[in-house]
Every structure is written in structure tokens, then in C-alpha cells.
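Encoded as C-alpha cells, the structure appears first; notes follow it.
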Amino acid sequence: MAGRGTEEHPHGADRLCEAGDRVYSRAVRRGRVPRTDAEPVPCLLELALLHPDPDDMDWLVPTSPQEVMTRVLRGVYDEVRESQRRVGSAVAAFERYAGIGRQLQAPSSAPAEGTAIRVLDGLSRIQAAMDEATDACTTEVLTVQPGGIRREAELTEGLHRALALRGRGVRMRDLYTHVARHGQGLLTYLELMGDAVEARTLDEVIDRLILFDRTVAFIPANTDRTMALELRHPALVDYLVTVFERLWRLAIPLTAPLPDTGIEGISHREQSIAALLAEGHQDAVIAERLGISVRTCRAHIARLSETLGAASRTQLGVRIAQVGLDGPPRTAGGSPLSIPDQGSPSVR
């Protein structure tokens with residue numbers, strides 16, 4: 001779809017086609033237009049002149065003419081060394097968008113794109129917005145990265161942004177699941193970044209979150225992460241910062257070992273799985289929350305059953321409760337807790 005639109009409308013925001021100009025102008029005057037109106041002019045979505053309405057995805061709201069002007073001039077500034085001919089068309093585009101803005105009689109009552117919430121539809125728009133936020137960042141980046149071991153492709157995808165931030169002295173703090181400790185790619189990335197990045201891990205974390213300078217945040221807007229929300233509302237961003245800071249205080253530095261469970265023969269990961277089993281979660285849910293595969297999760301459950309001497313899931317639940325794996329570990333004087341007698345009638 002995107003490729004076909006690019007061929008039919010080979011232009012930028014400074015040389016908007018006649019059909020696109022009509023639909024965009026209508027969107028600015030009315031505050032929004034139905035998504036069907038933009039189907040003949042995919043360039044408006046590709047150029048981010050229209051984007052989905054956060055309250056109703058069947059409608060599209062316009063990027064303000066002022067923001068369009070800013071984008072056009074920024075693009076021209078980057079290209080001016082290579083092609084002076086773009087300057088004239090950019091000035092003409094500036095005047096066109098300014099004229100549309102002057103035609104507005106009053107602010108529209110319909111939802112419009114502002115600085116609070118913006119829907120980013122498509123990976124290219126997400127990447128562009130992230131690059132823009134990276135360029136503007138001067139102090140701090142906070143991230144939450146779920147999903148277990150980080151793939152090389154994921155780490156490489158954002159490496160150019162991380163290196164640019166490090167070059168400007170920006171501090172970064174990253175939260176991962178404990179499983180991420182086993183990925184060589186993450187260790188290589190952290191070694192490359194040096195003291196610019198501090199990483200900690202938890203049994204489980206929230207969905208992906210990226211915060212720049214505590215002023216703008218990015219979160220997924222769908223399950224496959226092809227859409228995202230750019231949040232600039234101070235209350236929303238402050239809330240997400242608070243969530244991050246509380247998780248950070250609970251997390252364990254990547255350079256420190258995971259604490260012992262206090263129960264002989266039970267690993268830290270198996271303790272986490274046992275606690276989630278006690279809460280009644282299915283294997284697939286546990287695997288997703290801990291960032292491991294379902295197969296790995298079931299292998300750990302099998303080890304738990306063997307260690308605790310449980311012949312069924314029901315019996316495993318009883319033994320989990322008996323040794324204190326259904327909550328914080330119970331220890332006495334720092335000594336490991338013993339496994340209940342597997343032949344005891346009370347646990348049959």
C-alpha cells in the first residue's frame with residue numbers, strides 16, 4: 001500500500017499534489033476527515049499530514065499548518081548544501097500552509113493533533129518520531145525493554161540513536177527482565193556504551209516504554225508494535241516516570257548477581273514461575289511475563305515438580321505453598337528452607 005502510494009504521489013509536503021491539497025485543506029477547516037476521504041491520496045498519511053484520531057481510528061486529523069511549515073524548513077535546511085533549487089518550493093509551501101491557517105475562523109471543536117497525544121501509524125513514522133526526540137534530548141533517557149533476550153536486530157536498530165545520545169553526554173537507564181542477562185548482544189551493547197548506560201533487571205516488566213528528558217514518552221499502541229503513541233501531556237509523562245522510578249528501585253543492577261532463593265535446588269527463575277503458578281496463570285502467560293518461551297517455561301515447571309516431588313499440577317500447587325514459593329521466600333537465619341517430606345500424607 002505504502003509503496004503504491006509513493007509511486008502515484010512522488011512528492012513531499014512542499015509540493016503537495018492537487019488532490020492531496022484539497023483533502024488536507026478540508027481536514028484543517030473541519031478538524032478531521034473520514035479515513036475513506038484519504039484513500040485516493042495516500043501521500044497525506046505517508047507525509048504525516050494526516051494521522052489517525054486517537055479517539056476514533058475511522059477518522060483522520062490533520063497536522064497543524066504551523067508544524068508542517070516547521071518540518072518543511074527543517075528538511076530544506078538539511079538538503080540545502082546539495083540542492084538550492086528546493087528553497088523556492090519550500091517558501092511557496094510555507095505561504096500555502098500559512099494561508100490555510102489564516103482561513104480558519106475559530107479553533108475546531110474536533111480532536112486535533114497537538115502536543116499531548118499523537119498516534120504514529122507505521123514503523124517509518126515511529127522511527128522518524130524517535131529520531132526527532134533523540135535529536136532534541138539533552139539530559140536523560142529512560143527505557144523499559146520487555147521480551148527476554150534482546151535480539152541483535154533490535155539492538156542494532158536503535159544503536160545510532162544511543163551513540164548520538166552518548167556523544168552529547170545524555171545519561172541512559174534501561175530496565176530488562178532477568179532473562180535478558182543471558183543475551184550476549186545486550187552485554188556487547190552495554191560494553192560499547194560504557195558508563196553512559198546503566199541497566200537493571202526484574203522478574204517481569206511492563207510493556208515497552210521510552211522516555212526522553214521526562215517530557216516525551218513513546219508506548220506501543222497495538223500488539224505487533226506497528227503503531228505507537230507519542231505522549232507529551234505532562235501528567236501522563238509524570239505518571240510514567242513515577243512507574244519507571246518505582247520499578248528501578250526494585251530492580252537488580254545487571255552487574256550484581258540475582259539473589260539466592262533460600263530454597264535448596266530452586267533457582268530464582270523457578271521461584272518466579274512458582275509464584276505465578278500459585279496465582280493461577282497459564283504457562284503461556286507466565287512465559288510472556290518472564291520473557292521466556294513456553295517450552296522453556298514448561299521445562300522449569302517440570303524441574304519444580306521433580307524437585308518438590310509433585311506428581312501433578314494440583315500437588316505442585318500444594319508443595320509450592322508449603323515451601324513459601326507462592327510469595328516472598330521464608331528464611332530463618334539466612335539458611336535455606338528444606339523441601340517437605342515427599343512421603344508426608346499432608347501433601348498427598
If Ile, Leu, Val, Met, Phe, Trp and Tyr residues are connected whenever their side-chain heavy atoms lie under 4.5 Å apart, and connections chain through other members, are Leu258 and Val179 in the same group? no
Is any NZ, NE, NH1 or NH2 atom of the basic residue among Arg313 and Asp283 found under 4.0 Å from an Asp or Glu carboxylate oxygen of the other? yes
Test: Asp207 and Arg225 ion pair at under 4.0 Å: yes
Before accepting this row, confirm whether a basic side-chain N of the pair Arg35/Glu39 lies closer than 4.0 Å to the acidic partner's carboxylate O. no
Side-chain (Arg171) to main-chain (Glu198) donor-acceptor, under 3.5 angstrom: no
Would you say CD of Glu245 has more than 12 non-hydrogen atoms from neighbouring residues, nucleotides or ligands within 6.0 angstrom? yes
How about Thr226 and Asp224: does a side-chain donor come under 3.5 Å of a side-chain acceptor? yes
Do Leu236 and Ile206 belong together in a cluster built from hydrophobic side chains that touch within less than 4.5 Å? yes
Do the side chain of Tyr176 and the main chain of Leu186 share a donor and acceptor less than 3.5 angstrom apart? no
Salt-bridge present (Glu46, Arg125; N to O < 4.0 Å): no
Asp56 side chain to Asp58 main-chain N or O, any donor-acceptor pair under 3.5 Å? yes
Donor on one side chain, acceptor on other, Arg181 and Thr201, under 3.5 Å: yes
pair Leu45-Asp121: side-chain heavy atoms closer than 4.5 Å: no
